[in-house]
Amino acid sequence: MSQTPDSAVRTYIGQHRAAFLDDLAEWLRIPSVSAQPDHAPDVRRSADWLAAKLKETGFPTTEVWPTPGAPAVFAEWPCDDPEAPTVLVYGHHDVQPAAREDGWDSEPFEPVVREGRLYARGAADDKGQVFFHTLGVRTHLATTGRTTPAVHLKLLIEGEEESGSTHFRALVEEHAQRLAADAVIVSDTGMWAEDTPTVCTGMRGLAECEIRLHGPDQDIHSGSFGGAVPNPATAAARLVAALHDDHARVAIPGFYDGVVELTDRERELFAELPFDEARWLRTAKSYATHGEAGLTTLERIWARPTAEVNGIGGGYQGPGSKTIIPSSAMVKISFRLVAGQDLEHIEKAVHTWATDQMPAGIRSEITFTGGTRPCLTPLDHPALQSVVRAMSRAFEGPVRYTREGGSGPAADLQDVLAAPVLFLGISVPSDGWHAPNEKVELDLLLKGVETTAYLWGDLAANWRHEP
């Protein structure tokens, strides 16, 4: 199959740039803030707007899927080749709250362009990165002469990512047959820097728990009873102290069972990134690095599991003193998980460990809330290599690899659909997700368009899913 000249792709994008940006600005004017009930009609309006625009783009199927919370948008455009791979694109159309008085230089829901940047809430997170797929597929068709995409193309754009994706997994499970795909493309992500295009290959999972410790049935006098009965606040402190060993490894037996270790090649690729640790520390508002011995900072935050104390409390915390043995104490702990770790196994291991730490006379209650599984795509996966090649063509240079230290709903797609998750985003750290003056670099946004214009043909030419 002959390759479309890159010049033809860039020419088409340039010819349609103004209309594309006008449409995006119209969508950005809709304040689709899912976390604020007053904006529920706006979130619905955003979903309706996107469904109509996808229909106008050429998708023969566009639907708004209701949930008990905010609606999602589904679109589908089958390929005329029944053997072509099926790709599902994920993003979200809801946005974070924003108001001028938060520190914005302009109205957050009135897009403005300044010095090659488009400023508005949602410009980067995530409307801009969702919308580049519309011009991308049109460019793909126009420059190849096709009437359908080279892959079976599906989109799922959820409406409550910014408020916790509360109903997302149930939505995916309900529509799993229609969402079935050979690969998932997540366009709710970013790159290392403007001059360092990158592809993310994995995201950590998350487990969270609260441990409540109970001692005496009420607060009691520390003079009359101190030194003779167990203190739940002391037990909480000892529990936290026992969480890690002297090398900052998590000391819970079985915690590392199944962990997929970094390969030497992955370590080399991480090391290629222009990482400035001093600058990173300034961003973290911290004064020293710390973590599992023998690892770099990037290895720690991208590829290793963690246990972090999010809160600890118990007893009197008001002004002055109150000489008591408190009746209860509390610890909140979150665990970031990596590929190979199992949520249920982690919960059981933590429960056993915490129970074993309790001294006689201290009762404990352990509650886990939610949970997100980790996801990881091998470097040699053919679909990942298609993403890398497409980005490399668009950016006219090498593409490097990262992972994501946080967690997100992408793992639910991998888990339910049993499909590899790939990340394609063009946002950069300076875009200010969730902050005042959120923006997107227009040149990078169009590179996203160009990448997708190349991607569908590359996937079709180089990959067939093996059932």
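Numbers for residues simply follow the sequence, beginning at 1.
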Has Ser392 got a side-chain atom pairing as donor or acceptor with Val388's backbone, closer than 3.5 angstrom? no

How about CD on Glu115, more than 12 heavy atoms from neighbouring residues, nucleotides or ligands closer than 6.0 Å, or not? no

Please answer whether the main-chain N or O of Ala251 pairs with a side-chain N or O of Asp245 as donor and acceptor at a distance below 3.5 Å. no

Determine, step by step, whether Glu344 and Arg373 satisfy the salt bridge (charged side-chain N to carboxylate O under 4.0 Å, His left out) criterion, reporting the C-alpha distance in whole Å, the side-chain angles of both residues, the deciding distance to 0.1 Å, and the verdict. CA-CA 10 Å; Glu344 289 75 17; Arg373 297 183 185 278; 3.1 Å; yes

Would Arg336 and Ser407 satisfy side chain to side chain donor-acceptor pair (under 3.5 Å), going step by step from the backbone distance to the final call? CA-CA 8 Å; Arg336 297 288 175 171; Ser407 307; 2.8 Å; yes

Quick check for you: to the nearest 0.5 Å, what is the distance between Leu269 atom CG and Thr198 atom OG1? 12.0 Å

Is there a donor in the side chain of Ser187 and an acceptor in the side chain of His133, or the other way round, less than 3.5 Å apart? yes

Between Tyr256 and Arg249, is there a cation-pi geometry (under 6.0 Å to ring centre, at most 45° from the normal)? yes

Does the side chain of Trp27 pick up a donor-acceptor pair with the side chain of Ser46 at under 3.5 Å? yes

List the steps, then state whether side chain to side chain contact (heavy atoms under 4.5 Å, CB included) holds for Val338 with Val260. CA-CA 7 Å; Val338 299; Val260 176; over 6 Å; no

Are Trp49 and Glu26 close enough that a side-chain donor and a side-chain acceptor fall under 3.5 Å? yes

Taking every non-hydrogen atom, the tightest pair across Cys200 and Phe423: O-CD1, 3.3 Å

Between His39 and Asp42, do the side chains contain an N or O donor and an N or O acceptor separated by less than 3.5 Å? yes

Kindly compute the distance separating CD1 (Ile324) from CG (Asn231), expressed to the nearest 0.5 Å. 8.5 Å

Walk me through it: do Asp182 and Val87 pass the test side chain to side chain contact (heavy atoms under 4.5 Å, CB included)? CA-CA 6 Å; Asp182 298 315; Val87 180; over 6 Å; no

Rounded to the nearest 0.5 Å, how far apart are CZ of Arg204 and OG1 of Thr306? 4.5 Å

Is a side-chain N or O of Thr377 found less than 3.5 angstrom from the main chain of Val421, in a donor-acceptor match? yes

Look at the aromatic rings of Phe74 and Trp65 and report parallel, tilted or perpendicular, splitting at 30° and 60°. parallel

Is there a side-chain contact between Val331 and Val240, using heavy atoms and a 4.5 Å cut-off? yes

Would you say Glu160 and Ser163 are linked by a side-chain donor-acceptor pair, where the criterion is simply a distance under 3.5 Å? no

Do Glu208 and Lys332 sit within salt-bridge range, that is, some charged N less than 4.0 Å from a carboxylate O? no

Report, as yes or no, whether the 6.0 Å neighbourhood of atom CZ on Arg238 holds more than 12 heavy atoms from other residues, nucleotides or ligands. no

Gap separating the CD1 atom of Ile30 from the CZ atom of Arg44, nearest 0.5 angstrom: 12.5 Å

Using a cut-off of 6.0 Å, state whether more than 12 heavy atoms not belonging to Asp276 lie near its atom CG. yes

Just do the side chain to side chain donor-acceptor pair (under 3.5 Å) check on Thr297 and Trp280 with the steps written out, would you? CA-CA 10 Å; Thr297 296; Trp280 179 85; over 6 Å; no

Testing the basics here: between Gly315 and Pro326, what is the closest heavy-atom pair and its distance to 0.1 Å? CA-CB, 3.4 Å

Any luck finding a side-chain donor-acceptor pair between Ser32 and Arg45 under 3.5 Å? no

Shortest non-hydrogen contact from Leu156 to Ala72? CD1-CB, 4.2 Å

In a check of side chain to side chain contact (heavy atoms under 4.5 Å, CB included) between Arg403 and each of Ile301, Leu298, Leu262, which one passes? Leu262

Hey, does the side chain of Thr67 reach the backbone of Gly69 with a donor-acceptor pair shorter than 3.5 angstrom? yes

Can you give me the closest heavy-atom contact between Ala419 and Ala181, atom names plus distance? CB-O, 3.5 Å

I would like to know whether Gln341 and Val259 meet side chain to side chain contact (heavy atoms under 4.5 Å, CB included); could you show each step before the answer? CA-CA 6 Å; Gln341 288 182 294; Val259 165; 3.6 Å; yes

List the steps, then state whether side chain to side chain contact (heavy atoms under 4.5 Å, CB included) holds for Lys127 with Leu50. CA-CA 10 Å; Lys127 288 180 177 177; Leu50 178 59; over 6 Å; no

Looking at Arg178, Lys154, Lys55, which one forms a salt bridge (charged side-chain N to carboxylate O under 4.0 Å, His left out) with Glu63? Arg178

Hey, what's the ring geometry for Phe168 with Tyr90, parallel, tilted or perpendicular (30° and 60° as the breaks)? perpendicular

Under 3.5 Å: donor-acceptor pair, side chain of Asp94, backbone of Glu162: yes

When you check the side-chain N and O atoms of Asp126 and His93, is any donor under 3.5 Å from an acceptor? no

Any donor-acceptor pair under 3.5 Å linking the side chain of Lys447 with the backbone of Phe395? no

Just how far is it from atom CE of Met391 to atom OG1 of Thr452, taken to the nearest 0.5 Å? 11.0 Å

Tell me, yes or no, whether the heavy-atom count around Asp22 atom CG, taken from other residues, nucleotides or ligands under 6.0 Å, exceeds 12. yes

Between Leu179 and Leu417, the two heavy atoms sitting closest are O-CD1, 3.6 Å

Walk me through it: do Glu365 and Arg363 pass the test salt bridge (charged side-chain N to carboxylate O under 4.0 Å, His left out)? CA-CA 7 Å; Glu365 299 172 2; Arg363 294 161 288 120; 5.8 Å; no

Classify the ring geometry of Trp302 against Trp192: parallel below 30°, tilted from 30° to 60°, perpendicular beyond 60°. perpendicular

Apply salt bridge (charged side-chain N to carboxylate O under 4.0 Å, His left out) to residues Asp415 and Arg169 and explain how you reach the verdict. CA-CA 10 Å; Asp415 195 33; Arg169 186 180 179 94; 2.7 Å; yes

Gln218, CD: over 12 other non-hydrogen atoms inside 6.0 angstrom: no

Distance alone, cut at 3.5 Å: any donor-acceptor contact between the side chains of Ser430 and Lys439? yes

I need the Leu455 CG to Leu153 CG distance, nearest 0.5 Å. 9.5 Å

Given salt bridge (charged side-chain N to carboxylate O under 4.0 Å, His left out), test Arg300 with Glu292 step by step and report yes or no. CA-CA 7 Å; Arg300 288 168 179 164; Glu292 190 176 348; over 6 Å; no

Are Phe131 and Phe20 close enough that their ring centres sit under 6.0 Å apart? yes

